[in-house]
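Taking it in order: structure first as structure tokens, then the write-up.
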Amino acid sequence: MEYIDLRSDTVTKPTPGMISAMAAAEVGDDVYHEDPAILRFEQRVAELTGKEAAIFCPTGSMTNMLGVWVWAKNGGEVLCDSWAHIARAEMGAHALLHGITMRTWCSESGMPGLSQLKRLFALDISSILVSTTCVAFENTHNFGGGLILDFTELTTLTNWARTHGAATHLDGARLWHANIETGISIAEYSALFDTVSLCFSKGLGAPVGSVLAGPQDAIQEIWWQRKRLGGGWRQAGILAAAAEYAMDHQWQRLAEDHENARLLAEIIASYDESAIDFHKLQSNILILEVGEEVADQVVAEVLEKGVAVTRLGTTTIRAVTHLGLTATQVRQAGEILGQAIAKAHAQVNS
Ligand SMILES: *Cc1c(COP(=O)(O)O)cnc(C)c1O
């Protein structure tokens, strides 16, 4: 049985044009800095972000680990959202492998207020406190439901943090989606941060790959740390070619994924309005609020009917749109999800 797979936008497969680009890639040993496809791609991403240098890595977890490490490796701490991917979905790697501590803020917007940031922040203020050396943000905010961080607020917060001596890191796994929705360029967003991580294996549809962009000296140090972590790869230019193809041919089409997410939401809302908060639906991630104790049941029931979604919390389900879906499939998934959620709610309320 073929599923309509809404679990994540990581499930996409290489498109025919992408496979041709991979087959045509000119490659070499990247540990010797001899892979032309990687060198060109890194240069292009550095230019796109307005940074001095960039490094291609297997995953966004690795680019985040390295970006955070370079600013907090000498005993500094990181501040981030309590639902941040770096805090929740990287398996504790920052602590386990790099000995880095984090403190988190709780927010609806993915950002603290300025006064909250000031209260959390600690830089050389006392001999008894660890110093905040990095403040990290995530845009779009995955577990926040694909939320786009407000640019003006983000500017205020990052300026304040940098003025007070901390570096800023952006987990821009889906910064592409924020750009498509707001028209604010990748370079404009990146200017607020010292290091920026971009994923090519999510909405952009490459099979593998993330890039970390930042200052030359930081990327140089990171190059060694990537090698220590086992991330020195060889003829990975075939993957860089896929990622570059994704950037050139599959970025602008993300608007379609956003439309499909809205279509999905509208159909589900026609069965049960309470499942969706339309204010939070800003890109390709839809969080469905299904109520206590029925999330598992809904996930299992729709799976039987051919729709795969992810259970995110005790009461929530996540559905993500991507290039592997047609509008017809999205409509069909909307009907199946809408019916299952309405049924579950009726059971709970009876
Ligand atoms: C997917 C994702 C990453 C990186 O995940 P990998 O699977 O390690 O590539 C980082 N941040 C966010 C917000 C993500 O959604």
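Every number for a ligand or one of its atoms is a count from 1 in the order of the listing. Residue numbers run from 1 in the order of the sequence given.
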Main chain of Leu263, side chain of Glu266: is a donor-acceptor contact present, judged purely on distance under 3.5 Å? no
Under 4.0 Å, heavy atoms only, figure out whether ligand 1 is touched by the backbone of Ser61, its side chain, both or neither. both
Which residue owns the protein heavy atom closest to atom 1 (C) of ligand 1, what's the atom, and how far is it? Lys202 NZ, 1.2 Å
Keeping His345 on the side-chain end and Val290 on the backbone end, is there a donor-acceptor pair under 3.5 Å? yes
So which heavy atom in the protein is nearest atom 9 (O) of ligand 1, and how far is it from that ligand atom? Gly60 N, 2.8 Å
What protein heavy atom lies closest to atom 11 (N) of ligand 1? Include the residue and the distance to one decimal. Asp171 OD2, 2.6 Å
Side-chain donor-acceptor contacts of residues 86-98 below 3.5 Å, not counting sequence neighbours, with atom names and distances?
from: Glu90; atom 1: OE1; to: His94; atom 2: NE2; distance (Å): 2.7
from: Glu90; atom 1: OE2; to: Asn64; atom 2: ND2; distance (Å): 2.9
from: Glu90; atom 1: OE2; to: His85; atom 2: ND1; distance (Å): 2.6
from: His98; atom 1: NE2; to: Gln225; atom 2: NE2; distance (Å): 3.0

Is atom 7 (O) of ligand 1 in close reach of the protein, with a heavy atom under 4.0 Å away? no
Taking only non-hydrogen atoms of Glu138 and a 4.0 Å limit, the atoms of ligand 1 in range are 13 (C)
Given 3.5 Å as the limit, does a donor-acceptor pair link the side chain of Glu181 with the main chain of Ala178, or not? no
Should the heavy atoms of other residues, nucleotides or ligands under 6.0 Å from NE2 of His279 be counted, would the total exceed 12? no
Kindly write out the residues that satisfy side chain to side chain contact (heavy atoms under 4.5 Å, CB included) with Glu52, not counting sequence neighbours, or none if the list is empty. Pro215, Gln216
Which option wins on minimum heavy-atom distance to atom 10 (C) of ligand 1: His85, Arg174, Met62? His85
Give the numbers and elements of all ligand 1 atoms closer than 4.0 Å to a heavy atom of Asn64. 10 (C), 11 (N)
